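Heads up, the thing below is written out as structure tokens.
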Amino acid sequence: MSIIKKCLFPAAGYGTRFLPATKAMPKEMLPILTKPLIQYGVEEAVEAGMDTMAIITGRGKRAIEDHFDISYELEHQIQGSSKEHLLNDIRGLIEHCTFTYTRQKKMRGLGDAILKGRVLIGDEAFAVLLADDLCDNLEGEGVLKQMMRVYEKYRCSIVAVQEVDREDISRYGVVSGRALDEQIMMVDDMIEKPEADEAPSNLAIIGRYILTPDIFEKIERTEAGKGGEIQITDALRQQAKEGMVMAYRFEGCRFDCGSVDGFVEATNYFYERMQEHS
Ligand code: G1P
């Protein structure tokens with residue numbers, strides 16, 4: 001049985017880079033082929049053994065709740081038709097998982113969004129998945145499942161990292177530390193969106209975290225940082241200084257679906273995969 005059961009999805013952001021598409025629709029509902037981004041995320045969490053999805057929403061995000069609920073009219077309409085199978089995956093998720101929600105009323109940053117999830121998580125280790133970062137590992141294990149193995153060994157907070165080009169580093173949280181093996185590094189420092197010449201490495205944090213519950217107190221004590229927002233990177237830095245945080249170089253690929261370029265790349269990638277399987 002999996003030791004981490006809950007996955008937190010910060011989903012309160014406005015998605016301004018996708019306006020006007022995100023004017024009345026949550027960015028997490030943008031589809032890659034026929035599946036919304038957040039459903040890919042929930043599937044990754046389920047694959048890793050989790051069954052409780054804690055979603056931080058905000059105004060204008062109701063479509064997410066409706067997506068993860070039964071639509072009786074639709075079920076009735078589609079029953080016995082050739083399209084019925086199109087609902088199989090989402091039906092399976094709805095049956096298997098519990099979905100819980102709370103709203104972040106003011107946008108105060110990712111750290112604050114995670115802190116708002118405390119009422120849904122309680123006092124246990126949990127995963128965080130940013131649905132914008134869409135990951136795939138072909139037939140291999142998904143990123144959260146890989147990270148669960150690391151957690152089973154080290155029992156501390158873990159961030160997924162990936163090498164990025166120097167010119168892109170200022171878009172990410174960046175880690176430095178001591179390599180324990182080819183994939184795992186003990187973090188000694190981390191900094192949110194540094195200038196390229198201040199970055200301690202080219203290892204960028206990707207939107208997958210496993211966090212131990214003491215992170216909540218660390219966030220409470222974290223002052224506004226980059227962009228005037230409460231940054232999870234700053235709270236994790238404190239956790240690394242006082243305890244232990246690991247960075248994990250995951251296997252697989254990742255698309256930044258928060259950008260139009262990344263979104264189109266992901267669409268092409270999944271379209272090719274679909275063609276291969278049909
Ligand atoms: C957030 C984090 C950042 C991380 C990134 C991954 O930034 O603050 O540390 O590298 O997600 O996608 P955002 O992209 O929300 O600005």
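Just so you know, ligand 1 is whichever comes first in the structure, and atom 1 is the first atom listed for that ligand. Values reported hereafter were calculated over all heavy atoms of this structure, with side chains retained and with hydrogens, waters and symmetry mates removed. Here the structure is a predicted model, which is why all the values come from computation and not from measurement.
Side-chain contact annotation: Thr212 with Asp214, donor-acceptor N/O pair under 3.5 Å present. Using a 3.5 Å distance cut-off with no hydrogens or angles, the side chains of Asp51 and Thr98 do not pair a donor with an acceptor.
Of the protein's non-hydrogen atoms, the one nearest atom 14 (O) of ligand 1 is Lys193 NZ, 4.5 Å. Scanning the protein heavy atoms around atom 11 (O) of ligand 1, the nearest turns out to be Leu130 CD1, 3.4 Å. Of the protein's non-hydrogen atoms, Ile205 O, 2.6 Å is the one closest to atom 10 (O) of ligand 1. Regarding atom 12 (O) of ligand 1, its nearest protein heavy-atom neighbour is Asp133 OD2, 2.7 Å. Protein heavy atom nearest atom 1 (C) of ligand 1, with residue, atom name and distance: Leu110 CD2, 4.0 Å.
Lys27 and Asp132 are joined by a salt bridge, as a carboxylate oxygen and a charged side-chain nitrogen come within less than 4.0 angstrom of each other. A salt bridge does not link Glu229 to Lys193: none of the charged side-chain nitrogens sits closer than 4.0 Å to a carboxylate oxygen. In summary, Arg237 and Glu192 do not engage in a salt bridge, as defined by a charged side-chain N under 4.0 Å from a carboxylate O. With respect to Glu124 and Lys5, no salt bridge is recorded, no charged nitrogen being found less than 4.0 Å from a carboxylate O.
Residue-ligand proximity, Thr233 to ligand 1, at heavy-atom distances under 4.0 Å covers atoms 9 (O). Near Gln231, the atoms of ligand 1 lying under 4.0 angstrom from a non-hydrogen atom of the residue are 8 (O).
Where the criterion is an N or O separation shorter than 3.5 Å, residue side chain and backbone included, Gly173 meets it with respect to ligand 1. Ligand 1 has a nitrogen or oxygen under 3.5 angstrom from a nitrogen or oxygen of Glu192.
For the residue pair Thr57 and Lys61, the shortest heavy atom distance occurs at CB-CB, 3.8 Å.
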